[in-house]
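Worth knowing before you read on, the calculation uses all heavy atoms, side chains too, and leaves out hydrogens, waters and symmetry mates. All chains are named by letter (A, B, ...) in the order of the sequence lines, taking the proteins before the strands, and each is independently numbered beginning at 1. Computed from a predicted structure; not experimentally measured.
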There are 2 protein chains.
Amino acid sequence: MQLITIQPETLFQALADETRLRIIRLLVVADKEACLCELVDSLQEPSYKLSRHLKILRQAGLLSSQKEGRWVYHRLVTEPSYLETLYATVQALPDGDQVYQADLARFTERIRLREGGRCRVGILSDDLKVENK
Amino acid sequence: MQLITIQPETLFQALADETRLRIIRLLVVADKEACLCELVDSLQEPSYKLSRHLKILRQAGLLSSQKEGRWVYHRLVTEPSYLETLYATVQALPDGDQVYQADLARFTERIRLREGGRCRVGILSDDLKVENK
DNA sequence: ATAATAGTTGCTCTATAGTGCAACTATGCA
DNA sequence: TGCATAGTTGCACTATAGAGCAACTATTAT
């Protein structure tokens with residue numbers, strides 16, 4: 001049950017950003033949940049950036065996030081039912097420069113590293129890791 | 001045929017504004033075209049404001065506008081087909097504070113003044129008229 | 001305990017979006 | 001021919017959104 005009502009504009013505002021659309025579209029098409037590090041490797045974007053966008057999607061009621069130890073799994077929210085219609089639209093959008101296709105390809109590769117369906121490795125793309133001095 | 005490809009984000013950006021959602025929702029639910037002055041009286045917003053929002057919707061590929069004498073009629077674009085799905089979502093959105101319902105009520109009343117299906121009067125809400133000194 | 005790492009967030013900066021006012025164009029009517 | 005009016009747009013102002021950096025928390029493994 002959702003106590004505070006989310007404004008319709010907020011919903012569309014959440015999708016009005018390329019990075020967030022890539023996240024949503026990936027989760028819609030792959031029909032899977034994903035943790036941040038898997039998204040970092042799939043979208044090739046820094047974790048702090050994705051973390052913030054995930055928060056915006058969560059606040060818009062599109063995503064639910066569950067912590068499991070070190071990892072946080074993000075999945076699409078499917079209620080209320082018009083969200084399913086919305087995801088159908090997202091899935092039907094053109095992929096002019098094959099960005100989504102490339103994201104999905106990396107994601108598919110990446111989740112092959114899961115053990116028992118759970119993520120067991122961190123960020124693999126060296127250039128996206130945050131180094132602790 | 002659409003020569004320049006509209007980015008998916010642009011589509012959602014266009015809907016990420018209360019005024020523009022009111023316009024789209026009104027046209028979806030009423031299943032009618034409307035001219036600016038009818039929209040001004042229905043949404044109770046100044047014409048310069050709506051005119052700009054209509055332009056944004058047009059540029060996003062959601063609206064087509066045709067001039068007929070003094071009046072410009074705006075109608076929803078239905079191609080490509082995922083736009084229909086998008087409108088279905090818009091129609092299914094909650095109307096918490098009955099804003100859309102009130103807009104529709106005023107619009108229904110307003111288009112009763114048409115003659116032969118065409119708008120024959122201008123802005124009726126005195127407080128929204130732009131006075132020429 | 002300590003180090004490594006998954007993830008988050010405060011801060012600053014820059015770009016862009018929305019508003020209102022006022023001036024503008026274009027069309028029809030007296 | 002000139003006026004009223006449907007509609008558009010340049011300008012200035014303000015608010016907000018997104019990015020990057022760096023510091024932070026929390027959890028696991030050694």
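Evaluation of atom-type donor-acceptor distances gives a pair under 3.5 Å for the side chain of A:Arg52 against the base of D:dG20.
Among the nucleotides D:dA4, C:dG18, C:dT9, the one closest to any side-chain atom of B:His53 is C:dG18. In this structure, the nucleotide among C:dG18, C:dG7, C:dA26 sitting nearest to the side chain of A:Ser51 is C:dG7. Listed nucleotides: D:dT9, C:dT8, C:dA6. Nearest to the side chain of A:Ile123: C:dA6. Among the nucleotides D:dT8, D:dG20, C:dG28, the one closest to the side chain of A:Pro46 is D:dG20.
The separation between A:Lys67 atom NZ and C:dA6 atom P is 13 Å, rounded to whole Å. Taking atom CZ of residue B:Arg22 and atom C1' of nucleotide C:dG18, one finds them 15 Å apart after rounding to whole Å. The CD atom of B:Glu18 sits 14 Å away from the C1' atom of C:dT19 (whole-angstrom rounding). Atoms CH2 (B:Trp71) and P (D:dG7) sit 8 Å apart, rounded to a whole Å. Atom CG of B:Leu54 is separated from atom P of D:dT8 by 7 Å (rounded to the nearest Å). Here the P atom of nucleotide C:dG18 and the CG atom of B:Leu50 are 13 Å apart, to the nearest Å.
Side-chain contact check for B:Leu63 versus B:Leu27: some heavy-atom pair is nearer than 4.5 Å.
Under 3.5 Å, the side chains of A:Arg58 and A:Ser65 contain a donor-acceptor pair of N or O atoms. The closest side-chain donor-acceptor pair between A:Asp41 and A:Ser125 falls under 3.5 angstrom.
Taking a cutoff of 4.0 Å between a charged side-chain nitrogen and a carboxylate oxygen, B:Arg22 and B:Glu45 qualify as a salt bridge. We find that A:Arg114 and A:Glu38 are joined by a salt bridge, their nearest charged nitrogen and carboxylate oxygen being less than 4.0 Å apart. Taking the charged nitrogens against the carboxylate oxygens, B:Arg118 and B:Glu115 have no contact shorter than 4.0 Å, which rules out a salt bridge.
The stretch residues 27-37 of chain B touches DNA chain D through B:Cys35, B:Leu36, B:Cys37, each having a heavy atom under 4.0 angstrom from the strand.
Of the two residues near DNA chain D, A:Lys49 and A:Gly69, the one whose nearest nucleotide lies more 5' is A:Lys49. Taking for each of A:Asp17 and B:Val121 the nucleotide of DNA chain D with the nearest heavy atom, the 5'-most of the two is the partner of B:Val121.
Placement of B:Phe12 and B:Leu76 within a single hydrophobic cluster is found when ILVMFWY residues are connected by side-chain heavy-atom separations under 4.5 Å, directly or transitively.
Residue contacts shown for B:Arg118 are absent, as no nucleic acid heavy atom lies under 4.0 Å away. Counting any heavy atom pair closer than 4.0 Å across all strands shown, A:Arg20 reaches sugar-phosphate atoms only and no base atom.
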